[in-house]
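Written below as structure tokens is the structure these notes are about.
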Amino acid sequence: MSAAKKKRELDLSDFPPGAVNEYSTLVCLACTFNIFTTQLGLAPRTAYSEIKKYSPTIAELTAPKAIPPFFDSEDKNPRCPYCNAAKRWHALLATFRIEGGKATDPARRRAIKSLPQKDHQFQVIEAKTDKRSVFFDWLDTLGHNLDIEDNSWLLDTTRAYLGRLEPKTDWDEVFKGVRKVRRSQRLEQSWNKVGARLFLAPAVYSEVLIVQYLVSRSHVHGGRTLEGRLTLPELIRRLRYGGYLDAKGISQGDQFEVLEQLIEAVAGGAGNIKVYYIVDRRAFLEKVKSAYERYAT
Ligand SMILES: [Zn+2]
């Protein structure tokens, strides 16, 4: 990687893994200039200064399916799906969402303070979102980054969930040499490592099973967990015998109602948390300038 490119990248290495979600989308500036000049009737120069100020909404920046003038493409040389404009008209907008909370607040304050202030190269947006959707985004990212057929999958998902529970622990260090994860009734803390075995307290172990089930249930019949492949009724039965349902006050309802309550428990309860979006507008601003120069001549 070149030094210039490295310098451009946001350093988010201070954050616990899983606390930052990254989104990127392309915006077509040919479409955008067209909206401002043809539809809104602005002169190119005015359109240019309006577009520079333009702040897309969080929904536009993070939508799973982009809406015009935004689009997503994996192609090396994509064309705008709306107007067929070539790559030189496309600008990339990268957005980082940081979960608020004690584990991330100091690093987030430092990261935001270090951003260049000039020309609104970055935009920071505070928002509230419910814990459940943050949890599902986390699950989604986890699922994308893991190979369910790989044997290390069970350890990787265990580590990921523990990282979410206890962000301050150096889990890479703890997991060095770990081969097996076991449940232990005798633990006073949430986990303990003995040789190649990592022991988890019953509640933590149960939650790891729930997370593994949720990540893998769309891939196979049932979900793949430390206890083997489990269908939803099998998972619930194990959690019931293991005392987890009683401990969390979950006992009522059919399997889907129970599942909803399990999700709420591993998502950290009901309610909202604060999230912070950092929008990197640098590439956008550069492209708007060159697109304007092209557009105006
Ligand atoms: Zn276009």
Side-chain angles (χ1 to χ4, degrees), residues 1 4-36 47-74 78 80-82 85 87-101 103-131 133-134 136-138 140-141 144 272-292:
M1 196 185 294
K5 189 165 181 207
K6 210 167 189 170
K7 209 176 147 202
R8 285 191 69 106
E9 285 195 0
L10 279 190
D11 181 13
L12 301 170
S13 56
D14 277 359
F15 292 95
V20 181
N21 265 57
E22 194 179 336
Y23 308 85
S24 69
T25 189
L26 292 163
V27 58
C28 176
L29 296 173
C31 283
T32 310
F33 269 99
N34 193 34
I35 293 167
F36 278 83
Y48 171 53
S49 54
E50 288 302 314
I51 294 168
K52 271 199 299 185
K53 282 187 273 177
Y54 172 54
S55 324
T57 63
I58 291 305
E60 287 171 324
L61 292 167
T62 63
K65 185 138 184 17
I67 43 160
F70 298 89
F71 66 98
D72 298 316
S73 176
E74 305 275 311
C80 168
Y82 317 115
K87 196 179 169 184
R88 61 179 184 276
W89 293 96
H90 310 161
L92 180 76
L93 281 158
T95 306
F96 302 87
R97 189 192 67 191
I98 302 164
E99 282 181 39
T104 56
D105 284 346
R108 192 233 333 138
R109 282 191 206 102
R110 275 197 304 277
I112 290 174
K113 230 173 129 185
S114 73
L115 298 174
Q117 303 292 317
K118 214 174 136 241
D119 301 331
H120 301 287
Q121 296 175 65
F122 289 91
Q123 190 188 0
V124 179
I125 305 164
E126 269 184 57
K128 268 192 181 155
T129 187
D130 61 301
K131 287 181 185 171
S133 42
V134 170
F136 272 101
D137 288 341
W138 175 80
D140 218 37
T141 311
H144 279 281
N272 291 324
I273 61 167
K274 262 198 169 173
V275 287
Y276 299 83
Y277 294 90
I278 299 179
V279 187
D280 185 346
R281 302 177 76 248
R282 291 174 298 179
F284 171 77
L285 290 171
E286 282 164 17
K287 274 285 174 83
V288 173
K289 188 162 182 288
S290 62
Y292 166 65

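All values below come from the heavy atoms of this structure, side chains included, with hydrogens, waters and symmetry mates left out.
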Over 12 non-hydrogen atoms of neighbours within 6.0 angstrom of NZ in Lys274: no
Is there a side-chain contact between [X] and [Y] in this structure, where contact means two heavy atoms from C-beta onward sitting under 4.5 Å apart?
X: Ile51; Y: Phe284; answer: yes
X: Glu99; Y: Phe15; answer: no
X: Phe96; Y: Leu12; answer: yes
X: Asp14; Y: Arg110; answer: yes

Which heavy atom in [X] sits nearest to a heavy atom in [Y], and how many Å separate them?
X: Tyr82; Y: Cys31; result: CB-SG, 3.8 Å
X: Thr104; Y: Gly100; result: OG1-C, 3.5 Å
X: Asp130; Y: Asn272; result: CA-OD1, 3.2 Å
X: Ser55; Y: Gln123; result: CB-NE2, 3.4 Å
X: Phe36; Y: Ala47; result: CB-CB, 3.7 Å

Side chains of residues 114-121: which donor-acceptor pairs under 3.5 Å do they make with residues two or more places apart or in other chains?
residue, atom, partner, partner atom, Å
Ser114, OG, Ala111, O, 2.8
Gln117, NE2, Leu115, O, 3.2
Gln121, NE2, Lys118, O, 3.1

Nearest-0.5 Å distance, CG of residue Leu285 to CZ of residue Phe122: 10.0 Å
Spacing of Glu50 atom CD and Thr32 atom OG1 [to the nearest 0.5 Å]: 13.0 Å
Results of side chain to side chain contact (heavy atoms under 4.5 Å, CB included) for [X] - residues two or more places apart only:
X: Lys287; value: Leu29, Ala91, Ser290
X: Arg109; value: Asp105
X: Leu92; value: Ser24, Leu26

Criterion side chain to side chain contact (heavy atoms under 4.5 Å, CB included) on Tyr277 and Thr62, from CA distance to verdict: CA-CA 10 Å; Tyr277 294 90; Thr62 63; 4.1 Å; yes
Of Val20, Asp137, Leu61, the residue whose pairing with Arg97 passes side chain to side chain contact (heavy atoms under 4.5 Å, CB included): Asp137
Candidates Ile278, Val275, Val124 - the one meeting side chain to side chain contact (heavy atoms under 4.5 Å, CB included) with Ile98: Ile278
Lys65 with Asp72: basic N within carboxylate O range, under 4.0 Å: no
Glu286/Lys289 salt bridge by N-O under 4.0 Å criterion: no
Test ring-ring contact (aromatic ring centres under 6.0 Å, His included) applied to Tyr23 - qualifying residues, sequence neighbours left out: none
By ring-ring contact (aromatic ring centres under 6.0 Å, His included) - contacts of Tyr48 (at least two apart): Tyr292
Pair Trp89-Cys80, side chain to side chain contact (heavy atoms under 4.5 Å, CB included): steps then yes or no: CA-CA 8 Å; Trp89 293 96; Cys80 168; over 6 Å; no
